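See below for the structure under consideration.
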Amino acid sequence: MPERATAARSAARTGRRPLKAGTALATATALVAGAAGLVTAMGGASSAATVNLLVNGDFESGTPSGWNCSAGLGSITSTAPHGGTKALQAAASASDSAQCSQTVTVSPNTTYSLSGWLKGNYTYLGVTGTGTTDTNAWGSSADWTNRSTTFTTGASTTSVTVYTHGWYGQGTYYADDLVLTGPGGSGSSSPSASGSSSASASASASASASASASSSASPPGPPRPPPRRAPRRRPVPPAPGRRAGTGW
C-alpha cells in the first residue's frame with residue numbers, strides 16, 4: 001500500500017513508530033474524556049464553594065422566613081435596603097437585643113465564611129455551636145457596613161446557628177445580604193428554616209451570651225449603670241447623761 005510505505009519512510013526519518021489507527025483513536029478519546037472530567041470537577045467545586053447556605057439571606061421573600069427573631073421583633077423593610085428591594089429590620093428593646101437566627105447543616109472539620117451588611121448601633125453578625133471557637137463581627141455605623149468572619153467546625157459538628165442582633169436599648173438595626181459559604185452537610189437538604197424551633201432554644205439561651213460571652217475578644221456593648229445602693233445608716237449618739245455602751 002502506498003500510504004503504509006509513506007508512513008514507514010516518515011517513521012524511519014523521525015525515529016518513531018507509526019501509531020495504529022485504533023490506538024490513535026483510543027488515545028484521542030481518552031484525552032477528550034479526561035479534559036471534560038476536569039472541567040466538570042472544577043465547575044462543581046467552584047459552584048459548591050459559592051453557594052449561600054442561608055435561607056432567605058437577602059430577605060427578598062418579603063418576610064423573615066427561615067429566621068427565628070426573638071419576641072417577634074424582626075420584620076421586613078423596603079426602605080433603603082442594601083441590595084434588591086428588601087432588608088431585615090429589628091428593634092432592640094431595653095430587655096431584648098432583637099436577635100434573629102437560623103440553624104444550618106454543615107460538615108465537620110470544615111472552614112466556612114460568614115458575611116453580611118449591617119447598619120445601626122452595636123450590630124452583631126456571628127455563629128454559635130461550631131464545636132471550636134464561636135466567632136462574630138460587630139460595630140456601629142449609620143450607613144451599610146460589611147461585617148465578616150470565618151470559623152472552622154469541630155470533629156463532630158453537623159450544624160451551627162448563624163445570628164444577627166443589636167444591643168439592649170440601642171433601637172432598630174438593619175441587616176441585608178447575609179451569606180454563609182462552604183460545603184453543606186453530607187446527606188442533608190438545604191438549610192432548615194424549621195430549625196428555628198431547635199435553634200430558638202440554643203439561640204435564645206445564647207442570645208444574651210452572644211452579646212457578651214460570644215464576643216470574648218470584643219467589648220460586649222454599652223455598659224449599664226451600676227445598681228443603686230441603700231444609704232448607710234449613721235450611728236445614733238447616746239442620750240445626755242449616759243456613757244456610750246453602758247446603758248447608764
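This is a predicted model, so every value here is computed, not measured.
Contact detail for Ser75 and Pro64: the closest heavy-atom pair is CA-CG, 4.2 Å. In terms of heavy atoms, Pro108 sits closest to Thr153 at C-OG1, 3.3 Å. Between Ser113 and Thr150, the shortest heavy-atom contact is OG-CG2, 3.7 Å. Summarising the geometry of Asn56 relative to Ser61, their closest heavy-atom pair is ND2-OG, 2.9 Å, with the distance given to 0.1 Å. Listed here is the closest heavy atom pair of Ala137 and Ser148: CB-O, 3.6 Å. The nearest pair of heavy atoms linking Cys69 to Gly74 is CB-N, 3.7 Å.
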Stepwise side-chain contact (heavy atoms from CB on, under 4.5 Å) check, Thr157 with Phe151: CA-CA 12 Å; Thr157 301; Phe151 63 92; over 6 Å; no
Assess whether side-chain contact (heavy atoms from CB on, under 4.5 Å) is satisfied between Tyr112 and Leu53, documenting all intermediate values. CA-CA 10 Å; Tyr112 292 84; Leu53 300 179; 3.7 Å; yes
Would you please test Asp58 and Lys86 for side-chain contact (heavy atoms from CB on, under 4.5 Å) and show each step? CA-CA 7 Å; Asp58 57 7; Lys86 303 289 191 299; over 6 Å; no
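Not counting sequence neighbours, Thr110 has no partner by the side-chain hydrogen bond (donor to acceptor under 3.5 Å, both in side chains) test. In terms of the ring pair (Phe, Tyr, Trp, His ring centres under 6.0 Å) criterion, Tyr174 has no residue partners (sequence neighbours excluded). Judged as a side-chain hydrogen bond (donor to acceptor under 3.5 Å, both in side chains), and not counting sequence neighbours, Ser93 has no contacts. Scanning for ring pair (Phe, Tyr, Trp, His ring centres under 6.0 Å) contacts around Tyr173 gives an empty result, with sequence neighbours left out. Taking the side-chain hydrogen bond (donor to acceptor under 3.5 Å, both in side chains) definition, one finds that Thr130 meets it with Thr132, Asp134, sequence neighbours left out.
By the 30° and 60° cut-offs, the orientation of the rings of Tyr163 relative to His165 is parallel. Ring pair His82/Trp117 is parallel by interplanar angle, where below 30° counts as parallel and above 60° as perpendicular.
In this structure the side chain of Leu178 never reaches within 4.5 angstrom of the side chain of Val162, judged on heavy atoms.
For the residue pair Thr111 / Thr152, a side-chain donor-acceptor distance below 3.5 Å is found, with atom types taken as modelled. Between the side chains of Ser141 and Thr145, at least one donor N or O lies within less than 3.5 Å of an accepting N or O.
The structure places CG of Leu125 at 8.0 Å from OG1 of Thr149, a figure rounded to the nearest 0.5 Å. A distance of 4.5 Å separates CD in Gln89 from OG1 in Thr77, rounded to the nearest 0.5 Å. Between the SG atom in Cys100 and the CG atom in Asn68 there is a gap of 8.0 Å [rounded to 0.5 Å]. Atom OG of residue Ser97 and atom CH2 of residue Trp167 lie 7.0 Å apart, to the nearest 0.5 angstrom. Atom-to-atom distance recorded for Leu88:CG and Asp176:CG is 8.5 Å, nearest 0.5 angstrom. To the nearest 0.5 angstrom, Phe59 atom CZ is 14.5 Å from Ser78 atom OG.
Thr164 places a side-chain N or O within 3.5 Å of a backbone atom of Tyr124 that can act as its donor or acceptor partner. With hydrogens and angles ignored, the 3.5 Å screen pairs a side-chain donor or acceptor of Gln102 with a backbone N or O of Val55. In this structure a side-chain-to-backbone donor-acceptor pair under 3.5 Å is missing from Asp177 to Ser115.
Screening residues 134-180 for disulfide bond (SG atoms under 2.5 Å apart), with sequence neighbours left out, gives no hits.
Under the 4.5 Å side-chain contact rule for hydrophobic residues, Leu54 and Leu118 share a cluster. With hydrophobic clusters built from ILVMFWY side chains whose heavy atoms lie under 4.5 angstrom apart, Trp144 does not share a cluster with Leu114. Val179 and Trp138 are assigned to two separate hydrophobic clusters, defined by single-linkage of ILVMFWY side chains at heavy-atom distances under 4.5 Å. Hydrophobic clustering (side-chain heavy atoms under 4.5 Å, transitive across Ile, Leu, Val, Met, Phe, Trp, Tyr) groups Ile76 together with Trp67.
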